[in-house]
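What you see is a predicted model; the values in this text were computed from it and never measured. All heavy atoms count here, side chains included; hydrogens, waters and symmetry mates do not.
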Amino acid sequence: MVDFFGQQEQARRQTSRLVMLFAVAVVLIVLAVYLAVTAGLFIAQFFQGQQQFFSVYTLWNPMLFVWVSGLTLLLIGGGSWYRLHSLKQGGGRAVAELLGGTRIPSATSDPLLRRLLNIIAEMAIASGVPVPPAYLLEQSGINAFAAGFAPGDSVIAVTRGALDLLDRDQLQGVIAHEFSHILNGDTRLKMRLMGLLFGVTLISDAGIMLLSSRRTIAYSSRERGTHPAVLAIGFLLFLAGTIGAVFADLIKRAVSRQREFLADAAAVQFTRNPAGIAGALKLIGGCQSGSRVVHPAAQQASHFFFGDAMKNGQAQWWATHPPLTERIRRLDPTFRGVLPAVDAVERSRVIRELAVSELTMPEQAMPVQPSQKATTRSEAIASVGQIESGRASGLLVRLPERLRHFARDPFTARAIVYAMLLDEDTGLRRQQLDALQVKADADVFSELLDIQPLIAGLDPDLRIPLLELLMPALKELSGMQYRIFRGNVKLLIKANEQLSMREYMLHRMLLRHLAPAFEAVQPAANKQLGVEAVVADLGVVVAMLVRLGRHVQPAKIYRQAMEQVAGAVEEPMPRADLCTMARLDASLNHLRDAAPSIQQQVVASCAAAVIADGHVSVRETEMLRAVCDALECPMPPLAEAGLGF
């Protein structure tokens, strides 16, 4: 089983390694640019009528070095900052749109697109993350990628070739591979890598600009035109930039190759079907288009893709991906290296027919994997960052078809959220509806009245899965619609002048995952806080979890739970009046900055508080999953009851 917290630590170490490699590359590029400029100035003396070869421009000129290195660092640093800033503003969507991707509407009726969205929804709910938006790349090669700084701003993109040529099991294997990158922090690492390396490529762009310059410059008393020294410097800068591009590929290789092997293994673990992802890789090798992506931005985003977007899957020692045959052999030990040619036209026809039949198949007939219940504290911790396909399949089947249909449309998705926030008290619910009738869109309000009885009868443990299912449709709102929606959500929550735990958790999870799509949200700071810095915040969270349970001795359970992190605890459990929702919100924000190893202990402490009485209520499950969501430690759906620890 893949260790989520261990992989988070490794991803953070990889980030440090990335910065070190980047620094080495920058130093070498600065030296190369200095040599290029020095050589260009030396050549310029031939056209000045002066015979002072190297008398002015020697190989080592401290003042020239300071100027050249300063300007080079400014160009690289500025370019990297600009790209990182733009990526932070757009999240995974920025990468998808950079590569020419188009957003797949949640309500699409195309059977191939519908199948893709269903698989993504299943994987998201099975892993406890919001359903990410899907993008389509009009490319004939078989490929896909996930991008984003966090699960809340992540997207998944697939090529047309992947949709046309992969069957459901193969596509599921590819999507599981991409979800592994999201869960293990690889997408955050790749986003930073893309931003940092963008500045390196600007050097070659500067050289090309000088080479293509047509500005008239007088460089002697008789001749006019582009100065030969400018051409020489431009050519040498282009070479220096090429060196930077090679280093960029080497850095990508050093950072991402092992992560691809890990994601392949995780996909097998998630789907319990090695033939699925292995079959997808074999099709890449047998298809004429392979995994190639033909786009100007494909090179700088090559490390994001499932398959090698540049080299068609063939082995290259500097490639960002391991050799295709090696990946297949690790998944299928019987593989002998033979990759039969694929008739793309015929296979595409068959795959579309299969997709149509899958959509018309009765839901009860769809395969459901056996669920592994998290009955102990250790099992709850081990479930973080995993995909529990069996329990998620059961939850999706239990959701009424009408609700799942409504969840795909931005209008009806808003109506579902409003209905989930309506109070049980008849009088208060009437006040909420009266306020919404004035504030909300008329069509949305009409849908709310229609869907409200169905939501009222919904099983409580289906609330979070339904909320996760709504995310893609809600992210299709316009900026104005989002602001009205956000205001109406707050209006409904404040109606009874008392914020319940359910309302708080729903509000936090909903807006935390929607905000990156509409607002400038900075990723969490990489502060790596230790135990001492977060123990007080953990005390608030654990105390509120303990009070949700049926514990006979809550103070004792509190101490036992806190010992999972802080050892022997002398301080008493915080009083109920000190454990306000505002204090809980601040505590969760602070705990988010803890190191992964500390977060693992935090989850252990919270799980201990929940499972201590041998029964896990829906309210406890909701809060535990919401705490994990706040820490960006996605927890899949758990069983309704635990058996102690």
Side-chain angles (χ1 to χ4, degrees), residues 1-3 7 115-116 119 122-123 126-127 141-146 156 158-159 161-181 183-184 186 253 256-292 303-317 319-344 346-348 350-351 354-355 358 367-370 372 386-387 389-390:
M1 179 174 287
V2 178
D3 177 9
Q7 292 305 319
R115 183 187 64 174
L116 171 68
I119 292 173
E122 292 166 10
M123 287 286 171
S127 58
I142 300 173
N143 225 322
F145 69 82
I156 288 182
V158 299
T159 61
L163 289 182
D164 288 343
L165 300 177
L166 300 182
D167 64 28
R168 195 181 204 281
D169 287 346
Q170 293 162 349
L171 186 60
Q172 187 180 54
V174 172
I175 299 303
H177 174 104
E178 298 308 326
F179 264 93
S180 171
H181 285 312
L183 297 172
N184 291 330
D186 295 340
R253 178 190 187 280
S256 67
R257 271 204 171 195
Q258 283 304 119
R259 309 300 287 184
E260 293 303 317
F261 281 131
L262 174 69
D264 286 347
V268 173
Q269 175 189 315
F270 295 158
T271 63
R272 303 179 179 90
N273 181 16
I277 187 170
L281 292 169
K282 290 174 184 177
L283 279 173
I284 289 176
C287 180
Q288 184 176 2
S289 300
S291 55
R292 189 170 180 81
H303 56 299
F304 280 95
F305 285 96
F306 169 74
D308 194 331
M310 308 305 298
K311 301 298 181 183
N312 212 23
Q314 298 179 8
Q316 299 285 352
W317 71 272
T320 56
H321 289 64
L324 191 63
T325 53
E326 186 177 349
R327 292 176 69 182
I328 297 172
R329 195 169 287 114
R330 290 195 181 197
L331 297 167
D332 179 9
T334 65
F335 177 64
R336 295 293 178 263
V338 179
L339 297 168
V342 176
D343 183 344
E346 175 60 20
R347 183 167 179 85
S348 178
V350 172
I351 293 299
L354 286 173
E358 288 167 6
V368 178
Q369 298 286 352
Q372 295 180 347
Q386 308 302 313
I387 293 181
S389 58

If I compare all heavy atoms of [X] with all of [Y], which pair ends up nearest, and what's the gap?
X	Y	value
A263	S180	CA-OG, 3.5 Å
I351	D164	CB-O, 3.2 Å
R327	G307	NH1-CA, 4.2 Å

Report the residues that fulfil ring-ring contact (aromatic ring centres under 6.0 Å, His included) with F306, sequence neighbours left out, ordered by chain and then residue number.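 For F306, the residues satisfying ring-ring contact (aromatic ring centres under 6.0 Å, His included) (neighbours in sequence not counted) are H177.
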
For the [atom1] atom of [X] and the [atom2] atom of [Y], what is their distance to the nearest 0.5 Å?
X	Y	atom1	atom2	answer
E358	D167	CD	CG	8.0 Å
R115	Q172	CZ	CD	10.5 Å
L262	Q269	CG	CD	9.5 Å
F179	T271	CZ	OG1	13.0 Å
L116	I175	CG	CD1	5.5 Å
R168	L354	CZ	CG	11.5 Å

Does some side-chain heavy atom of L281 sit less than 4.5 Å from a side-chain heavy atom of L324?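 Yes, at least one pair of side-chain atoms sits under 4.5 Å.
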
Under 4.5 Å between any side-chain heavy atoms of N143 and I284, yes or no?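 In short, these two side chains do not touch, never coming nearer than 4.5 Å.
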
Non-neighbouring partners of Q170 that pass side-chain hydrogen bond (donor to acceptor under 3.5 Å, both in side chains), sequence neighbours left out: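 With sequence neighbours excluded, Q170 shows a side-chain hydrogen bond (donor to acceptor under 3.5 Å, both in side chains) to R347, given in chain and number order.
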
Run the side-chain hydrogen bond (donor to acceptor under 3.5 Å, both in side chains) test against H303 and tell me which residues pass, sequence neighbours left out.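 So H303 forms no side-chain hydrogen bond (donor to acceptor under 3.5 Å, both in side chains) with any residue.
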
Distance-only donor-acceptor pairs under 3.5 Å for side chains of residues 334-342, two or more places apart:
residue	atom	partner	partner atom	Å
T334	OG1	D332	OD1	2.5
T334	OG1	D332	OD2	3.4
R336	NH1	P333	O	3.4
R336	NH1	T334	O	3.1

Donor-acceptor pair, distance only, cut-off 3.5 Å: does the side chain of [X] make one with the backbone of [Y]?
X	Y	value
T159	G141	yes
S291	D308	yes
H181	F145	no
N184	D186	no
E178	A146	yes

Listed by chain and number, what are the side-chain contact (heavy atoms from CB on, under 4.5 Å) partners of A344, not counting sequence neighbours?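 Testing A344 for side-chain contact (heavy atoms from CB on, under 4.5 Å), a comparison that skips the adjacent residues, returns L165.
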
